[in-house]
Amino acid sequence: MLRIDVLSIHPELFDAFRTTGVIGLAREEGALELEAHDLRAWCDDPHRKVDDEPYGGGPGMVMKAQPIIEAVEALAGPKGVGREARVVLLSPQGRRFDQDRARELARERHLVLVCGRYEGVDERAIDLAIDEEISIGDYVLSGGEIPAMAVIEATARLVPGVLGNPASLATETFQQGRLEGPQYTRPAEVRGQAVPEVLRSGDHGRIARWRDERARKRTRERRPDLAPRGDER
Ligand code: SAM
């Protein structure tokens, strides 16, 4: 079972996400716990202000350290030896997220994901409360909530018991360091384009070989950086 706590100033963004699709089913099955918390609940000022002007001047606002540190400590305990949760700040400056990292995170028992907003987070909150920073790619979004959802969905589906049919992971893109091949469903013909004959042959050996060959071809063409040694073009 994986428990995930999210800290955000817009926890309502997670309302539909928590109850929909694989994530919703995983929660119902008890394989995943997912809560989104309002960071403002840990503000020590009467106006529940989570941001302030940057020291040294400049545009925009910076998220204050105090609410983040106190919220993380309430959910995960103090940073350092003995903390059992992994505390992640979503940040465009973090290490680039990928399937390998999702696999590692799926082996954790408790994740706390902190979503930044505005110009980002006071550096002392990172030093004092965060274990690692994760980026979902080289572009800048307005908040960490969508990155958190991407990390949650990629991670949760790798937790045992979350996917109804774990066999679907075996051939999935990135699972064996390559892309999955093309897939088809009914009807057998769409606008004159027929499903490859082999897939309707019922010959499971031939089908498996065809799928393997197509997956390799697609990987070579689209992602030669992933292709196994000797398999590059
Ligand atoms: N001023 C920051 C900088 O230049 O690095 C960007 C802050 S961004 C507008 C606001 C928040 O969105 C960040 O604190 C982070 O939580 C989130 N965010 C934006 N892009 C992201 C990305 N590519 N991956 C993860 N989080 C991201």
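Quick caveat: nothing in here was measured; it's all calculated off a predicted structure.
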Quick check for you: to the nearest 0.5 Å, what is the distance between [X] atom [atom1] and [Y] atom [atom2]?
X    : Y    : atom1 : atom2 : answer
H10  : L39  : NE2   : CG    : 11.0 Å
F97  : L90  : CZ    : CG    : 9.5 Å
L199 : Y184 : CG    : OH    : 7.0 Å

Notebook entry, point to check: Does I130 offer a backbone N or O that forms a donor-acceptor pair with the side chain of K79 under 3.5 Å?
Noted result: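 At least one qualifying donor-acceptor pair exists.
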
Check: If only atom types and distance count, is the side chain of E104 paired as donor or acceptor with the main-chain N or O of Q99 below 3.5 Å?
Finding: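 No, E104 side chain to Q99 backbone: no donor-acceptor pair under 3.5 Å.
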
Return a table of donor-acceptor pairs under 3.5 angstrom between the side chains of residues 24-37 and protein atoms on other chains or two or more places apart.
{"from": "R27", "atom 1": "NH1", "to": "R18", "atom 2": "O", "distance (Å)": "2.8"}
{"from": "E33", "atom 1": "OE1", "to": "R3", "atom 2": "NH1", "distance (Å)": "2.2"}
{"from": "H37", "atom 1": "NE2", "to": "D5", "atom 2": "OD1", "distance (Å)": "2.7"}

Next item on the list: Any chance you could lay out the side chain to side chain donor-acceptor pair (under 3.5 Å) test for E180 and T173, step after step, and finish with the verdict?
Entry: CA-CA 5 Å; E180 193 169 57; T173 290; 5.1 Å; no

Are [X] and [Y] ion-paired here, with the side-chain N under 4.0 Å from a carboxylate O?
X    : Y    : answer
E221 : K217 : yes
E132 : R95  : no
E197 : R206 : yes
K64  : D45  : yes

For residues 112-121, please give each side-chain donor-acceptor pair under 3.5 Å, one per line with the distance, not counting sequence neighbours.
{"from": "R117", "atom 1": "NE", "to": "E145", "atom 2": "OE1", "distance (Å)": "3.0"}
{"from": "R117", "atom 1": "NH2", "to": "E145", "atom 2": "OE1", "distance (Å)": "2.9"}

Let me have the donor-acceptor pairs involving side chains of residues 50-59, under 3.5 Å, with sequence neighbours excluded, atom names and distances please.
none

